[in-house]
Amino acid sequence: MSEVRTAICRFCHAFCGVNVTVENDRVVKVLGDIDNPMYHGYTCIKGRQLPEQHYHAERLLAPQLKTAGGHRPIAYDKALDDIAEKLQAIVRRYGPRSVAVYTGTFSFPYPLAKPMAQALLNAIGSPMLFSSGSIDQPGKPMAMAFHGRWHAGPQPFAESDTWMLVGANPVVSKWGGIPQYNPGKRLHDALKRGMQLVVIDPRRTECARKAAVHVQCKPGEDPTILAGIAHLIIREGWVDTAFVDAETAGFAALKEAVAPFTPEYVAARAEVPVQTLVEAARTFATGTRGMVTAGTGPNMAPRGTLTEYLVLAINTLCGRWLRAGEKMPNPFVLLPTRHGRAQPEPKPQAYGYGTELRVRNLTDNAGGLSAAALADEILLGGEGQVKALFSVGGNPLAAWPDQLKTWEALKHLELSVSLDIKLSATAKMSHYVLPPKLGLEVPGITMPNEGVWFYGLSTGYPEPYAMYQPALVPPPAGSDLLEEWQVFYRLAQRMGLPLTLNGQALDMTNEPTTDELFEVLTAGSRIPLGEVKQHPHGHIFDDPSICVLPREADCEERLDLGNAIMLGELREVRQEPTTGHAGYRGEQTFTHRLVSRRLNDVYNSSGRDIPKLMKNGRYNPAYMHPDDLAAMGLHAGDVVEIASARAAILGVVEEADDVKPGVISMAHSFGDAPTEDHKLFSIGSNTGRLTSVDEDYDPRTGMPMMSAIPVNVRRGDQTLALGS
Ligand SMILES: Nc1nc2c(c(=O)[nH]1)N[C@H]1C(S)=C(S)[C@@H](COP(=O)(O)OP(=O)(O)OC[C@H]3O[C@@H](n4cnc5c(=O)[nH]c(N)nc54)[C@H](O)[C@@H]3O)O[C@H]1N2
Ligand SMILES: Nc1nc2c(c(=O)[nH]1)N[C@H]1C(S)=C(S)[C@@H](COP(=O)(O)OP(=O)(O)OC[C@H]3O[C@@H](n4cnc5c(=O)[nH]c(N)nc54)[C@H](O)[C@@H]3O)O[C@H]1N2
Ligand code: SF4
Ligand SMILES: [Mo]
């Protein structure tokens with residue numbers, strides 16, 4: 001029997017609405033759902049591989065215990081008994097803080113995973129919850145805390161006539177800037193309407209090719225470029241003075257701080273023509289509606305927080321925030337109603353509160369506890385040392401910065417547990433690997449993409465869309481699997497600890513169902529979950545009556561254009577050398593800068609083992625401009641050594657005329673432990689190894705330099721091309 005059901009693709013965070021063909025309890029085909037009102041039938045090549053992902057030969061179908069002879073299957077009940085006992089012993093011996101949880105990319109699609117892990121940590125009394133968001137774009141919430149959040153939010157993409165993307169490529173990444181739900185169509189429609197797009201990126205990306213102005217800059221110069229754009233906006237009189245006068249403080253300080261960033265200075269330093277820079281500023285500022293948004297590139301380059309702050313400042317200078325009476329684009333569906341107000345929110349404390357980490361004076365901060373400090377927390381002896389680590393849908397050895405340190409740290413743990421579908425680079429090092437059920441085997445809701453609203457300037461769904469998906473197929477026959485949340489619930493049961501979810505105490509005797517917990521998670525939602533369930537293709541729960549409310553009479557908040565910390569950093573930027581590749585430290589010179597990027601066919605470290613996603617190769621090429629290759633006598637396929645101040649990796653060069661000369665563009669989360677480096681051609685190499693968590697980092701978020709990394713390139717060991 002064959003039937004077609006609708007589902008939420010959870011291969012990535014974009015959650016496309018898809019049609020799934022099920023035969024004899026197995027998924028056989030996945031295509032886009034043309035009747036879905038948010039995605040309109042879109043899928044990408046990854047999503048169409050959900051059957052291959054679900055029935056992959058290397059998918060773990062039972063928990064694994066690490067033994068001297070490798071990982072061996074073990075029953076879930078037994079694994080959880082053992083882990084609970086070990087956890088209790090560790091807490092008794094070293095205290096609650098010795099237990100840490102890291103939630104990675106694949107905790108996002110399963111919205112109960114992180115809150116349940118958090119609930120267990122709370123019950124144990126450990127504050128040590130870290131997420132991949134802290135090594136992604138922690139500068140976004142940090143800058144928002146400095147500048148202030150406009151309660152009603154930004155102007156929507158669909159109504160804008162101009163837009164600026166700074167180091168983001170949403171058409172491929174399906175992440176911020178253009179709403180990430182079929183972004184290609186949204187961009188196409190916007191350009192047809194006449195939108196003028198500006199892209200600032202060292203690579204002529206898929207988005208840059210559609211831009212009216214592409215600023216193909218030297219990487220790492222975003223604070224300089226954005227200060228230059230703010231300078232032009234002020235100098236040319238493009239400021240929305242009514243808005244700035246009424247809603248902001250600190251304009252004079254900003255004006256003074258950007259004054260030295262003349263177009264000539266910026267253009268020379270960022271290696272772009274003066275005219276292009278002026279055009280970029282003019283195109284954005286003389287449009288009537290639209291936002292500047294930044295992506296991972298500049299957020300991972302030095303001073304990501306400052307970049308995000310200047311992004312906010314430019315939007316504010318141009319008054320690009322929703323005003324009273326305008327329709328709220330998305331008043332939420334599965335979250336409580338958002339009645340936007342045309343006023344700034346009170347600014348939260350940005351950093352310096354809550355848990356203190358034991359290294360680099362880091363504290364809790366708006367961007368969350370820094371996962372970049374977790375390796376040190378494991379390695380550094382003394383009170384509070386982390387002894388047990390759970391990785392939930394993450395791959396620290398592949399994804400964390402400073403891979404050599406991470407490698408040492410993971411070897412150091414007394415208890416390491418990976419919740420993963422396969423023996424990833426990290427799982428291979430873990431004492432226990434606990435495999436979960438996958439997306440089509442468990443219920444799902446689109447709520448996480450509503451929550452994206454709170455992440456910096458991102459908006460999540462541009463309209464009040466929601467969808468629920470029931471479990472569609474059973475997990476493979478004979479498997480022994482649990483959902484991620486169940487692992488934490490059952491550990492708590494075994495440890496006799498009570499758990500609280502969304503303020504509600506859970507029944508610790510009779511295990512609730514996922515659907516019951518979804519009800520707890522969505523309590524108070526604008527639309528009841530039960531109503532969302534009535535719409536198998538997803539639905540836009542529009543309510544045109546929900547409009548932006550006026551400023552409250554007693555509101556005294558103002559957006560801060562003159563934050564002293566940020567403008568102090570900007571003055572430091574102006575003191576830096578303007579040529580070469582000296583990086584944060586300035587004591588060495590380098591030939592190139594290595595930048596981050598996403599590849600369409602893989603998702604961080606996922607997908608590289610699925611045949612249709614491997615057709616472009618299994619490694620992460622080191623993309624370089626043909627002139628750079630010619631100058632070094634290199635050809636596509638040659639092995640190079642790429643050396644930063646921290647370490648060296650090997651790469652396989654690929655010719656790419658869309659990359660600016662002097663730049664190497666390379667994807668992250670490839671490779672494995674250093675002992676596997678000879679497999680370069682089948683596993684790629686790890687750019688995280690080039691970064692240093694304790695030399696080049698943001699002092700408040702702990703975010704290390706993970707893009708625009710100064711490196712030297714030279715010919716490497718060509719025999720590897722034969723070996724792997
Ligand atoms: N140098 C450098 N480093 C970077 C970046 C960069 O650009 N450059 N990017 C950073 C960013 S933005 C991020 S978000 C992080 C990502 O950091 P991580 O999230 O730690 O890394 P991933 O590779 O996404 O790990 C996801 C893991 O989840 C597993 N998995 C797949 N499906 C499921 C599932 O359904 N359930 C569970 N439990 N597990 C599953 C996969 O097998 C994989 O091992 O990396 C960061 N690191
Ligand atoms: N197919 C696919 N999709 C993904 C992922 C994936 O691995 N594959 N990863 C997911 C994750 S975890 C995230 S966080 C999002 C990220 O989503 P995006 O932020 O859109 O990430 P990228 O596509 O890497 O775009 C970053 C851009 O920044 C540019 N860049 C690098 N350094 C600099 C710099 O110093 N300055 C400037 N101006 N630009 C710079 C790069 O050339 C690149 O084009 O994507 C998600 N989506
Ligand atoms: S973009 Fe691709 S992988 Fe991501 S949800 Fe959509 S179909 Fe799935
Ligand atoms: Mo990310």
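We use all heavy atoms of the structure for the numbers below, so side chains are in, but hydrogens, waters and symmetry mates are not. Note that the coordinates shown come from a computational prediction; the quantities given were computed from them, not determined experimentally. Order of appearance sets the numbers: ligands from 1, and atoms from 1 within every ligand.
Here L438 has side-chain heavy atoms under 4.0 Å from ligand 1, and that is the only part of it that gets that close. Residue W400 does not touch ligand 1, judged by heavy-atom distances below 4.0 Å. Of all the heavy atoms of R10, none lies under 4.0 Å from any atom of ligand 1, so neither backbone nor side chain is involved.
Under the 3.5 Å distance criterion, the side-chain polar atoms of K174 are left unmatched by any main-chain donor or acceptor of P179. Using modelled atom types, one side-chain atom of N395 and one backbone atom of T426 make a donor-acceptor pair closer than 3.5 Å.
Heavy-atom contacts of L419 reach the following atoms of ligand 1: 37 (C), 38 (N), 39 (N) (cutoff under 4.0 Å). Atom numbering of ligand 1 starts at 1 in the shown order; those under 4.0 Å from a heavy atom of T687 are 1 (N). The G688 neighbourhood of ligand 1 comprises atoms 1 (N), with distances under 4.0 Å to a heavy atom of that residue. Near P436, meaning under 4.0 Å from one of its heavy atoms, ligand 1 places the atoms 36 (N), 37 (C), 38 (N). Close approach to Y102 involves these atoms of ligand 1, each under 4.0 Å from a residue heavy atom: 17 (O), 18 (P), 19 (O), 20 (O). Here is the list of ligand 1 atoms found below 4.0 Å of a heavy atom in D420: 27 (C), 28 (O), 29 (C), 30 (N), 39 (N), 41 (C), 42 (O), 43 (C), 44 (O).
For W400 and Y102, the gap between ring centers is short of 6.0 Å. Checked against a 6.0 Å centroid threshold, the rings of F390 and F130 do not count as neighbours.
Considering backbone and side-chain N/O atoms, Q53 never comes within less than 3.5 Å of an N/O atom of ligand 1. The distance criterion of under 3.5 Å between nitrogen or oxygen atoms is not met by F106 with respect to ligand 1. Here's the thing with K422: none of its N/O atoms is less than 3.5 angstrom from an N/O atom of ligand 1.
Closest approach of D402 and T691 over heavy atoms only: N-OG1, 2.8 Å. The two residues A62 and L481 have their closest heavy-atom pair at N-CD2, 4.3 Å. When all heavy atoms of F284 and V198 are compared, the pair lying nearest together is N-CG2, 4.5 Å.
By the 6.0 Å and 45° rule, R597 stacks over the aromatic ring of Y623. Cation-pi contact between R186 and F157: absent, since separation from the ring centre below 6.0 Å together with deviation from the ring axis within 45° is not met.
Note on ring orientation: taking the six-membered ring where Trp is involved, the planes of Y181 and Y461 are tilted (angle from 30° to 60°). Using a 30° and 60° split on the angle between ring planes, F108 and H13 fall in the perpendicular class, above 60°.
Protein residues with a heavy atom closer than 4.0 Å to ligand 2 are H13, K46, D136, G167, A168, N169, V172, S173, W175, I200, D201, P202, R203, T205, P219, G220, D222, G295, T296, G297, P298, A301, V595, S596, R597, R598, L599, N600, V602, Y603, N604, S707, A708, listed by chain and number.
A side chain to side chain donor-acceptor pair (under 3.5 Å) with H668 is found for exactly one of T687, T296, N604, namely N604.
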